[in-house]
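Working notes, structure below.
Just so we're clear, the structure is a prediction, and the values are computed from it rather than from any experiment.
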Amino acid sequence: RRRRPLTAEARASASQETGKVLKLARRQHAQTPLRKGPKLKKSDGEKRLRALNKKLREIEALSERQAKGEELDEQQLEKLESMSRILEEMSQLGVPGLSA
């Protein structure tokens with residue numbers, strides 16, 4: 001079935017109603033929080049520990065690449081040498097069982 005084209009008056013009326021609905025939807029959306037429940041903040045120690053764990057994963061990947069015979073550049077070698085420093089900092093943050 002074919003629809004009849006809207007007249008200019010009908011189009012104007014439809015756009016006004018649509019605009020009202022959109023404005024209402026935006027207003028309601030602005031009031032609803034994106035997350036449900038309380039927002040938990042991570043302490044500085046937890047953030048630092050996550051960053052150090054990421055560095056350790058990167059160092060592990062670099063050491064595997066070096067073991068396979070791939071040549072590493074100067075920055076990558078410096079990162080490999082920083083492993084003891086990272087482990088020491090992690091032990092200061094209270095991670096048990098770490099030794100440099």
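Checked against side chain to side chain donor-acceptor pair (under 3.5 Å), Lys79 has the following partners two or more places apart in sequence or in another chain: Glu58. With sequence neighbours left out, Gln92 forms a side-chain contact (heavy atoms from CB on, under 4.5 Å) with Glu88.
Distance check: Gln75 CD to Leu62 CG gives 11.0 Å after rounding to the nearest 0.5 Å.
Residue Ser82 comes nearest to Ile59 through the heavy atom pair OG-CD1, 3.9 Å, listed as atom of the first residue, atom of the second, then distance.
Counting non-hydrogen atoms of other residues, nucleotides and ligands closer than 6.0 Å to CG of Asp44 gives a total of 12 or fewer.
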Show me, pair by pair, the donor-acceptor contacts under 3.5 angstrom made by side chains of residues 48-55, not counting sequence neighbours?
from: Arg48; atom 1: NE; to: Glu89; atom 2: OE2; distance (Å): 2.7
from: Arg48; atom 1: NH2; to: Glu89; atom 2: OE1; distance (Å): 3.2
from: Arg48; atom 1: NH2; to: Glu89; atom 2: OE2; distance (Å): 3.2
from: Asn53; atom 1: ND2; to: Leu49; atom 2: O; distance (Å): 3.4

